[in-house]
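To start, the structure under review is shown below, and the notes come after it.
Values in this document were obtained by computation on a predicted structure and should not be read as measured data.
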Amino acid sequence: MAGYKPVAIQTYPILGEKITQDTLYWNNYKPPYNYAVTASSRIHIYGRYSQEPIKTFSRFKDTAYCATFRQDGRLLVAGSEDGGVQLFDITGRAPLRHFEGHTKAVHTVDFTADKYHVVSGADDYTVKLWDIPNSKEILTFKEHSDYVRCGCASKLNPDLFVTGSYDHTLKMFDARTNKSVISVEHGQPVESVLLFPSGGLLVSAGGRYVKIWDVLKGGQLLVSLKNHHKTVTCLYLSSSGQRLLSGSLDRKVKIYSTTSYKVVHSFDYAASILSLALAHEDETIVVGMTNGILSVKHRKSEAKKDSLPRRRRPAYRTFIKGKNYMKQRDDILINRPSKKHLELYDRDLKNFRVSKALDRVLEPSCTIKTPEITVSIIKELNRRGVLANALAGRDEKEISRVLNFLIRNLSQPRFAPVLINAAEIIIDIYLPVIGQSPVVDKKFLLLQGLVEKEIDYQRELLETLGMMDMLFATMTRKESTSVWQHASDGFLENKKVES
């Protein structure tokens, strides 16, 4: 047994997204804080790490639908279901201003670039411009024919602002002309709009589409993105302006590069997404979901190195001692071979303890971190013809661990050929005892369904490959064929005909 050869752990290519700089950047967030929130007549303000709100504004007659801070963070404007627009000072509780003019719920509010005006859009199809010092309505625009559900103001020009409506249109208004200067058709009810900081590009979201428009060319469509499976509900721009974020009812947040407009990263959430935002320098990402959960993720801080006293290292002459020594004629060279230590599962296999070897690689520390080791041992046991012996004679707890591993990894293409065979062996061994344990019975039914589904996938894949081979065969150029024809002189002549 001295010549035992350790099991070669096969390396499987991991199918999935590539590790890029964006992946490292956007994955560098801590596990989220989750806040349970409900639609109410209050607006709560949370601190960066506080579990409880540090400020609450409750002077609303009905449900508060939207709120926006001014650029300096001192003022907050909010719209509510009763059509009111209220302005708050962050240091106080009572509203500084109350604007009344909308007859239905207000869904979008924003400050203009000069910080002295507020834009609002409501379900009464109107867009209004308010003057903060005088608490008066300046302009009213009635060009939309359906609910106005989103809008934003230009950060450079105090007279320009954009609104999106369920009438499928986006309109850019100019307060100096009392009418819209640009109107574009999105094609779906518009859920969110966004202006780039430069003011040259406009982004709209509605249906499954995210569209980018060139404002400088009169609203010309530049790009139409369709990367979500359900309605896109919200948009946000990163602090650098180089990444665009979109949230959708398909429970995903996708991040696009603003140079190529390709998806560079995505987040998965537990429920459909209604809103999202980023804090300064992308330190925090906040997502609101339909299940009433507000998810807050904070960026991980760089670990500070401990200032420990440096350990004194050996002198340089210690390392170069004997470097230039020349072997003498009478010297004897002795090589000391390094001893190779076997892994625990290799020791068990060496001593024919196959069940023990399988138990070792079914530990959670192995199945979760290095599932390829577990698959390699299963493959080796199958090669030796003792896989059935290793799987037989297990109690409820042990067989549950095997079934959990198969259920988790059976659908992965890199493991499927090995695990399907193991699953069939388990079903054959334990089929007579089904019905004695409800937990095992449930997992058996799930495993059997997965095996049948995977076999169906393999069959469909083979059929598809057969059809593709047939198409490729017809597309290739046929070889030239020889045809004997009668020449004009009466002799047979061999001619090649290309088909």
With sequence neighbours left out, what residues match Phe161 under ring pair (Phe, Tyr, Trp, His ring centres under 6.0 Å)?
Phe141, Phe173
Just do the side-chain hydrogen bond (donor to acceptor under 3.5 Å, both in side chains) check on Gln10 and Lys379 with the steps written out, would you?
CA-CA 10 Å; Gln10 184 175 355; Lys379 186 177 180 180; 3.2 Å; yes
Please determine if Lys211 forms a cation-pi arrangement with Tyr261, meaning its NZ or CZ atom is less than 6.0 Å from the six-membered ring centre and no more than 45° off the ring axis.
no
Quick one about Lys142 and Thr126 (side-chain donor to acceptor, distance below 3.5 Å, no hydrogens or angles considered), yes or no?
no
Answer yes when Lys397 and Asp395 have at least one side-chain N-carboxylate O distance shorter than 4.0 Å, and no when they do not.
no
Under a 3.5 Å distance rule, please check whether Thr108 uses its side chain to pair with a backbone N or O of Gly151 as donor and acceptor.
yes
Is a side-chain N or O of Thr258 found less than 3.5 angstrom from the main chain of Gln242, in a donor-acceptor match?
yes
Taking atom types as modelled and ignoring hydrogens, do the side chains of Asp282 and Tyr25 form a donor-acceptor contact shorter than 3.5 angstrom?
yes
Check whether Asn409 reaches the backbone of Phe405 with its side chain - one donor and one acceptor, N or O, closer than 3.5 Å.
yes
Please round to the nearest 0.5 Å and tell me the distance separating atom OG of Ser246 and atom OH of Tyr236.
14.5 Å
Could you tell me whether Arg394 and Asp359 have a side-chain N and a carboxylate O separated by less than 4.0 Å?
yes
Do Val77 and Phe88 have side-chain heavy atoms sitting under 4.5 Å apart?
no
Might you point out which heavy atoms bring Pro197 and Leu237 nearest each other, and give the distance in Å?
CD-CD2, 3.4 Å
From CG (Leu139) to CZ (Arg176), nearest 0.5 Å:
12.0 Å
I'd like to check the salt bridge (Lys or Arg N to Asp or Glu O under 4.0 Å) partners of Arg360; sequence neighbours left out, ordered by chain and number.
Asp348
Measure from NZ or CZ of Arg251 to the centre of the six-membered ring of Tyr269, then state whether that distance is under 6.0 Å and the direction lies within 45° of the axis.
no
Quiz item: cation-pi between Arg243 and Tyr256, 6.0 Å / 45°:
no
Sorted by chain and residue number, the ring pair (Phe, Tyr, Trp, His ring centres under 6.0 Å) partners of Trp130 (sequence neighbours excluded) come out as Phe99
Could you tell me how the ring of Tyr147 sits relative to the ring of Tyr166: parallel (under 30°), tilted (30 to 60°) or perpendicular (over 60°)?
tilted
May I have the step-by-step check of side-chain hydrogen bond (donor to acceptor under 3.5 Å, both in side chains) for His102 and Asp82, ending in yes or no?
CA-CA 8 Å; His102 291 292; Asp82 61 353; over 6 Å; no
For the side-chain contact (heavy atoms from CB on, under 4.5 Å) test, which of Val162, Leu201, Ile182, Val181 pairs with Val215?
Ile182
Answer yes if the side chains of Asp22 and Thr20 hold a donor-acceptor pair under 3.5 Å, and no otherwise.
no
Mark yes when over 12 heavy atoms from residues, nucleotides or ligands other than Tyr209 sit less than 6.0 Å from its OH; otherwise mark no.
no
